[in-house]
Enquirer: 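Take this structure, written in structure tokens, and hold onto it; I'll ask about it next.
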Amino acid sequence: MYNSSVIGGSVSISGNRLFIYEVKGLGSIAGSIAPVRQSGSTFVTVPYQRMAEETRRIMRMGGEIVSIRPANGDMPTVPVAQVAPAAKKPMAETKAKAKKPGANVPINIYKPKTPYLGECLSNEALVADGGIGLVQHIKFDLSEGDLAYVEGQSIGIIPEGTDENGKPHKLRLYSIASTRHGDDVDDKTVSLCVRQLTYNHPESGETINGVCSTYLCNLEPGTKVKITGPVGKEMLLPDDPDAKVIMMGTGTGIAPFRAYLWRMFKDKEREANPDYTFNGFAWLFFGVPKTPNILYKEELEEMQAQYPDNFRLTYAISREQQNSEGGRMYIQHRIAEYADELWSLIQEEKTHVYICGLRGMEGGIDEALTAAAAKTGTDWTDYRKGMKKAHRWHVETY
Ligand SMILES: Cc1cc2nc3c(=O)[nH]c(=O)nc-3n(C[C@H](O)[C@H](O)[C@H](O)COP(=O)(O)OP(=O)(O)OC[C@H]3O[C@@H](n4cnc5c(N)ncnc54)[C@H](O)[C@@H]3O)c2cc1C
């Protein structure tokens, strides 16, 4: 193995994430860089916060960055296919403040004090044999009211019963998993994808079941349920049928993506939406623990087979697949694996990125994209802020 050195002044190793750059074509670097050379390459360790700056500096000195990998070794090395001759920040177009989408989107038609009573029409298991946990696809009738919604919104559910203080339970939000037309494409239903929350009491160790998720997962068809909403404008799909839509989801984070993908690719949906014939590119990264936990697997794979040029499907199956370091394959490892390609897509104005699922999943994704953006001299954090302003970066984690 090689040694490496920290560049860019005094750095607390423990307080910073560090990345190792393999650089070719550097003679000797003046100043604070003290590289170690091995077979023509120079290895330098760069703190996360200084990646963009140091990339520009290396390139100014005529160096070519061949690969970047995190110094802690839990993500794969990312080869650099090409390094731009002059590092520029491709920010201008994405920084421009875009018009806020969703002006005409329905919001809060039913409030908690006057919820809609929707009958449960079906409640089906989504986890196949051998999978972990209970996840259900639940469909509700909307035909008795005015509840309308679009893809990417959520509804509230108020579970039956009272809390420990004897007060009615508060509502919980759930991402809508169906298109605006509903699973039967008749504008009369809404569907959810719900995982039963279970955890052990921190002191007694007793198994605790989440109130609302348990209520929903065990619903008998025919039961009427208090529904509020819809809410949410964060996860709306662009109207542009040529958009590029990158989706990164874990577990029930698939719910809004199911709605998008059904709208894009299901035959009956395409018939129902003559103004939206999707001809862009959709790429779903889906993280699950085991193959039987791949929710909606058959339909996803069918759509992929039917539209191979428009839909790409990449799984990260943590307990079955290994990352390049031999550890479990989580979604951030897949993002790191394709980071250069993703970064190149992300720089196109038509590209939107959506993240949905487990809270905390953004960190690993940011790390992978930081490394890819740094190779072209771009500070990812700045760039992501620009995307957010341009309504191209969408996150809903819980
Ligand atoms: C915008 C949005 C969209 C969502 N979409 C979905 C969706 O599509 N599908 C879905 O299944 N869920 C979704 N959720 C989550 C959902 O709203 C509920 O939070 C979830 O179902 C749990 O609710 P519950 O009533 O079952 O649990 P509760 O009975 O409310 O229990 C949750 C509480 O238990 C405690 N707790 C939880 N885990 C632990 C632990 N490990 N140790 C100790 N204490 C713990 C915490 O205090 C936590 O607040 C979404 C949330 C948001 C905000």
Side-chain angles (χ1 to χ4, degrees), residues 102 105-108 112 115 118 120 123-127 131-140 149-179 182-183 189-219 225-237 247-262 284 286-289 293-296 354-362 394-398:
V105 160
I107 289 286
N108 275 323
C120 170
N123 188 351
E124 287 161 16
L126 288 173
V127 177
I132 298 167
L134 183 64
V135 184
Q136 299 291 115
H137 184 76
I138 311 167
K139 185 165 80 174
F140 297 97
Y149 60 91
V150 299
E151 300 76 18
Q153 291 194 287
S154 299
I155 53 172
I157 299 287
I158 305 174
E160 280 303 305
T162 51
D163 62 19
E164 64 277 11
N165 302 318
K167 297 215 165 115
H169 285 300
K170 295 210 161 63
L171 70 82
R172 270 71 162 174
L173 290 177
Y174 292 90
S175 309
I176 295 172
S178 49
T179 72
D183 286 347
T189 66
V190 65
S191 299
L192 301 179
C193 169
V194 180
R195 183 180 82 87
Q196 183 186 24
L197 173 72
T198 60
Y199 61 95
N200 294 327
H201 190 279
E203 280 144 35
S204 67
E206 177 199 357
T207 302
I208 303 196
N209 293 328
V211 172
C212 192
S213 58
T214 302
Y215 165 73
L216 284 172
C217 287
N218 294 303
L219 266 186
V225 173
K226 291 179 188 139
I227 301 176
T228 67
V231 296
K233 292 187 177 181
E234 171 64 23
M235 298 289 281
L236 303 180
L237 195 58
M247 295 159 274
M248 304 173 183
T250 54
T252 55
I254 191 75
F257 304 152
R258 178 184 185 269
Y260 305 165
L261 292 166
W262 261 234
L284 172 65
F286 190 15
V288 293
N293 286 91
I294 302 175
L295 313 172
Y296 310 106
Y354 294 84
I355 298 178
C356 190
L358 283 182
R359 186 172 293 163
M361 63 184 282
E362 305 102 292
H394 314 260
V395 180
E396 193 157 270
T397 52
Y398 45 85

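Every number for a ligand or one of its atoms is a count from 1 in the order of the listing.
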Enquirer: Can you report which non-hydrogen protein atom sits closest to atom 5 (N) of ligand 1, along with the distance?
Expert: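 Protein heavy atom at minimum distance: Ser175 N, 3.1 Å.
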Enquirer: Among all protein non-hydrogen atoms, which one is nearest to atom 41 (N) of ligand 1, and what is the separation to 0.1 Å?
Expert: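 The answer is Tyr199 CB, 3.4 Å.
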Enquirer: Indicate whether any N or O donor in one side chain lies under 3.5 Å from an N or O acceptor in the other, for Thr179 and Tyr260.
Expert: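 No, no side-chain donor-acceptor pair sits under 3.5 Å.
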Enquirer: Taking all atoms of both residues into account, what is the closest heavy-atom pair of His394 and Glu234, and its distance?
Expert: ND1-O, 2.8 Å
Enquirer: Is the shortest N/O to N/O distance between Asn209 and ligand 1 below 3.5 Å?
Expert: no
Enquirer: If I compare all heavy atoms of Met247 with all of Phe257, which pair ends up nearest, and what's the gap?
Expert: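 Closest heavy-atom pair between Met247 and Phe257: CG-CD2, 3.5 Å.
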Enquirer: Checking Ser213 against Gln196: is there a side-chain donor and acceptor pair closer than 3.5 Å?
Expert: no
Enquirer: Heavy atom to atom 53 (C) of ligand 1, shortest distance: which of Tyr398, Tyr215, Tyr174 holds it?
Expert: Tyr398
Enquirer: Considering only protein heavy atoms, which is closest to atom 26 (O) of ligand 1, and at what distance to one decimal place?
Expert: Ser213 OG, 2.6 Å
Enquirer: Of the side chain and backbone of Val211, name the one, both, or neither that has a heavy atom under 4.0 Å from an atom of ligand 1.
Expert: both
Enquirer: What do you reckon, does Asn200 have a nitrogen or oxygen under 3.5 Å from a nitrogen or oxygen of ligand 1?
Expert: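 N/O-N/O distance under 3.5 Å: no.
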Enquirer: For Val194, counting its heavy atoms only, list the atoms of ligand 1 lying under 4.0 Å from any of them.
Expert: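 The list of qualifying atoms is 11 (O).
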Enquirer: Do we see a donor-acceptor contact under 3.5 Å between the side chains of Asp183 and Ser191?
Expert: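 Yes, because at least one side-chain N or O of Asp183 sits under 3.5 Å from a partner of the opposite role on Ser191.
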Enquirer: Check each heavy atom of His201 against ligand 1 and say whether those closer than 4.0 Å belong to the side chain, the backbone, both or neither.
Expert: neither
Enquirer: Are a donor atom and an acceptor atom from the side chains of Tyr398 and Thr252 found within less than 3.5 Å of each other?
Expert: yes
Enquirer: Would you kindly specify which portion of Cys193 sits under 4.0 Å from ligand 1, judged on non-hydrogen atoms: side chain, backbone, both or neither?
Expert: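 Under 4.0 Å from ligand 1, Cys193 contributes backbone atoms alone.
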Enquirer: Treating Arg359 as the side-chain partner and Gly357 as the backbone partner, does any N or O pair qualify as donor plus acceptor under 3.5 Å?
Expert: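 Flag not set: sc Arg359 to bb Gly357 has no pair under 3.5 Å.
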Enquirer: Do the side chain of Lys233 and the main chain of Gly102 share a donor and acceptor less than 3.5 angstrom apart?
Expert: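 Judged by distance alone, yes, a pair lies under 3.5 Å.
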Enquirer: Identify, by atom number and element, the atoms of ligand 1 in contact range of Cys212, meaning under 4.0 Å from any of its heavy atoms.
Expert: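 Atoms satisfying the 4.0 Å criterion: 24 (P), 25 (O), 26 (O).
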Enquirer: Return the closest protein heavy atom for atom 11 (O) of ligand 1 as residue, atom name and distance.
Expert: Arg195 N, 2.9 Å
Enquirer: Does the protein place any heavy atom closer than 4.0 Å to atom 28 (P) of ligand 1?
Expert: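 Yes, there is a protein heavy atom closer to it than 4.0 Å.
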Enquirer: If we count only non-hydrogen protein atoms and require a distance under 4.0 Å, does atom 49 (O) of ligand 1 qualify as touching the protein?
Expert: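 Within 4.0 Å: no protein heavy atom nearby.
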Enquirer: Looking at atom 16 (C) of ligand 1, tell me if a protein heavy atom falls under 4.0 Å from it.
Expert: yes
Enquirer: I need the atoms of ligand 1 closer than 4.0 Å to a non-hydrogen atom of Arg172, numbered in the order shown.
Expert: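 It comes down to these atoms of ligand 1: 17 (O), 18 (C), 23 (O), 24 (P), 25 (O), 28 (P), 29 (O), 30 (O).
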Enquirer: Give me the residue, atom name and distance of the protein heavy atom closest to atom 22 (C) of ligand 1.
Expert: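 The closest heavy atom on the protein side is Leu197 CD2, 4.0 Å.
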Enquirer: Minimum heavy-atom separation for Gln136 and Ala125, please, with both atom names.
Expert: OE1-CA, 3.2 Å
Enquirer: Between Glu151 and Leu236, is a side chain to side chain contact (heavy atoms under 4.5 Å, CB included) present by the stated rule, with each step listed?
Expert: CA-CA 6 Å; Glu151 300 76 18; Leu236 303 180; over 6 Å; no
Enquirer: Can you check whether a protein heavy atom sits less than 4.0 angstrom from atom 20 (C) of ligand 1?
Expert: yes
Enquirer: Which of parallel (below 30°), tilted (30 to 60°) and perpendicular (above 60°) describes Trp262 and Tyr296?
Expert: perpendicular
Enquirer: Can you find a side-chain donor-acceptor pair between His169 and Tyr215 that sits under 3.5 Å?
Expert: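 Note: His169 and Tyr215 side chains miss the donor-acceptor criterion.
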Enquirer: Which of the listed options, Gln196, Arg258, Glu396, Gln136, holds the heavy atom that is closest to atom 1 (C) of ligand 1?
Expert: Glu396
